[in-house]
Number of protein chains: 2
Amino acid sequence: MSEKPRQQAAASGAGTPGSAQGPDRKPDDRKPDESRRDRTGAAPTRSTYRHGDLRRALIEAGIDLARQGGPEAVVLREATRRAGVVPNAAYRHFAGRQDLLQSVRSAALSALAEAMEAEIDKTAAIADPGGQARARLRAVGTGYLRFAFAETGLFRMAFAPLEGVRIAGDAREPADPANAGRSGLNPFQLLGAALDAMVEAGVLPPARRPGAEFLAWSSVHGLAMLVIDGPLRGMPEIQIEAVSQRLIAMVEKGL
Amino acid sequence: MSEKPRQQAAASGAGTPGSAQGPDRKPDDRKPDESRRDRTGAAPTRSTYRHGDLRRALIEAGIDLARQGGPEAVVLREATRRAGVVPNAAYRHFAGRQDLLQSVRSAALSALAEAMEAEIDKTAAIADPGGQARARLRAVGTGYLRFAFAETGLFRMAFAPLEGVRIAGDAREPADPANAGRSGLNPFQLLGAALDAMVEAGVLPPARRPGAEFLAWSSVHGLAMLVIDGPLRGMPEIQIEAVSQRLIAMVEKGL
DNA sequence: GGGCTTTTGTGGACAGCGTCCACAAGCCTA
DNA sequence: TAGGCTTGTGGACGCTGTCCACAAAAGCCC
């Protein structure tokens, strides 16, 4: 997993001390980004002074960085480097590093939502409504945990503290599309929807829904955190399914 | 404690751009630290070239920094500045920033354990063993959550990801005294002990203990995280007691 | 089309950070 | 008293985020 947090002064300067790519940085070595096509419809001109969609490129670079090093690996200068652009160019699209981070966070949250949706999709074939609703809740937990373990960097990015900003928004608030998966729901709304389905299918008493939501949120998120970098680190993935199974039992039995 | 807070790099450089305290840094403005007394037994000499207990001073500065800014606010140079020492001096006591952070983390963990113990102490007066055991578990949860909200910076410090280091150690492992409260137990061991007491008092079936531990860990920790910088941010503290109450009901009813 | 403004990227600079190296001051022991 | 060990100093390096002034491309209007 965490091999090398990448630069950031990390440990030793053993990697690339001075050389890097200092003086030979020319605008010509910029990679031919095709994303600018969609602006003019024509082929890109030879000159690449204008990047085309730098904002998106920076966010994608940030996601890549976050994927393999978490929030602290999202370094503004490195993102611009990958986009083939000078550091200051980022300030035309973001107020600063925090702003970039926030966009990367939204993307990470969206990725989490999609991972959960993928898991939910597998339950579509179940005919029995009650069984389907239960399987859906289980899928929510499984997707959440699987993502946390498979994409630890992105998961941490999704929940990094960031300058007094609320993360995913309350489940009762309208969803920010940037944080949502293809269904338009953010991760926590997906969980709420799963509980709604259980109530509707009659496998969860309505009176128990609020408490169940609370408990499910906390326990799934807490488990992920404890496993990722807490005392439970290194828990075998086989247990994930078992834990998700337990989750639904917990919710149904009430609290 | 801290005589001269100096200035703090904190957020942006917008505060004091240039001046700082450049050339007038003299060894004479170092505060007369009395901690070096215990080395010689005599009064400290006039010369303060030797600090006396720099390691401890740096950790304490780190705790102070973490308390009001979380892990990322623990800046090595600022810690040395507060200790009245040149940045490199830290390297005589710590391998680097990560190493300092780890020590600060241990201290934060210990503070958490002590906060929990303080809450536990309040339950000592209860006569009925079953009631006492239940109150103790409730106290564990309350103490954990209260600390998370009252000392958010330290709490985040306690659980910050740090170079592939396990945090509090497994509950089954021997306790690291540096992480423990006055009872010698770390936060998670305190929870385990509370569950043990419940089993012993006969209010928790032994077969349900493992699952209960899992659930209690995850839900309390997850709740704290979600409230601190997740979608639940800003939850009124009044609810904390209610949540702790729920926690015990949950554990007893099983999962 | 030519000249204007607006957008977007460049170049250079600054302070702060973590870290490394060589050296000096203090203390301890032979 | 001479040497050696520990601990703090001074100076440097490369990295970071951010600010400023300037230049290139694109859009707009006549």
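Note that the structure is predicted; figures quoted are calculated from it, not measured. What you see below is based on every heavy atom in this structure, not just the backbone, and it leaves out hydrogens, waters and symmetry mates.
Listed by chain and number, the residues in a side chain to side chain donor-acceptor pair (under 3.5 Å) with B:S219 amount to none (sequence neighbours excluded). A:E60 pairs by the salt bridge (charged side-chain N to carboxylate O under 4.0 Å, His left out) definition with nothing, not counting sequence neighbours. Residues passing the salt bridge (charged side-chain N to carboxylate O under 4.0 Å, His left out) test with B:R77, sequence neighbours excluded: none. Residues satisfying the side-chain contact (heavy atoms from CB on, under 4.5 Å) criterion with B:S110, sequence neighbours excluded, are B:E114.
Phosphate proximity of D:dT6 to B:H93: absent, as no side-chain N or O sits under 4.0 Å from OP1 or OP2.
For the pair B:R97 CZ and C:dC17 C1', the computed distance is 9 Å after rounding to whole Å. Rounding to whole angstrom units, CD of residue A:E78 and P of D:dG14 are separated by 18 Å. At whole-Å resolution of the value, CZ in A:R55 and P in C:dG9 are 12 Å apart. Atoms CG (B:L65) and P (C:dG18) sit 10 Å apart, rounded to a whole Å. In this structure, CG of A:L54 is placed 9 Å from P of C:dT10, rounded to the nearest angstrom. Protein atom CZ of A:F94 is 11 Å distant from nucleotide atom P of C:dG9, rounded to whole Å. The interatomic distance linking B:E72 (CD) with C:dC17 (C1') rounds to 15 Å, in whole Å. Rounded to a whole Å, the CG atom of B:L76 is 13 Å from the C1' atom of C:dC20.
Looking at the side chain of A:V75, the nearest of the listed nucleotides C:dT10, D:dG17, C:dG18 is D:dG17. Among the nucleotides C:dC17, D:dT18, D:dG8, the one closest to the side chain of B:R77 is C:dC17.
With contacts defined as side-chain heavy-atom distances shorter than 4.5 Å, the pair B:I59/B:F94 qualifies.
Ring centroids of B:F155 and B:F149 are separated by 6.0 Å or more, keeping the two rings apart.
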Show me the protein contacts with nucleotides 19-23 of chain D, counting only N or O atoms at under 3.5 Å.
from: D:dC19; atom 1: N4; to: A:N88; atom 2: OD1; distance (Å): 2.3
from: D:dC19; atom 1: N4; to: A:N88; atom 2: ND2; distance (Å): 2.6
from: D:dA23; atom 1: N3; to: A:Y49; atom 2: OH; distance (Å): 3.3

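For the salt bridge (Lys or Arg N to Asp or Glu O under 4.0 Å) condition, the pairs that include at least one residue of residues 141-162 of chain B, sequence neighbours left out, are B:R67-B:E151, B:E72-B:R156, B:E119-B:R146, B:R146-B:E237, B:R146-B:E241, B:R156-B:D229.
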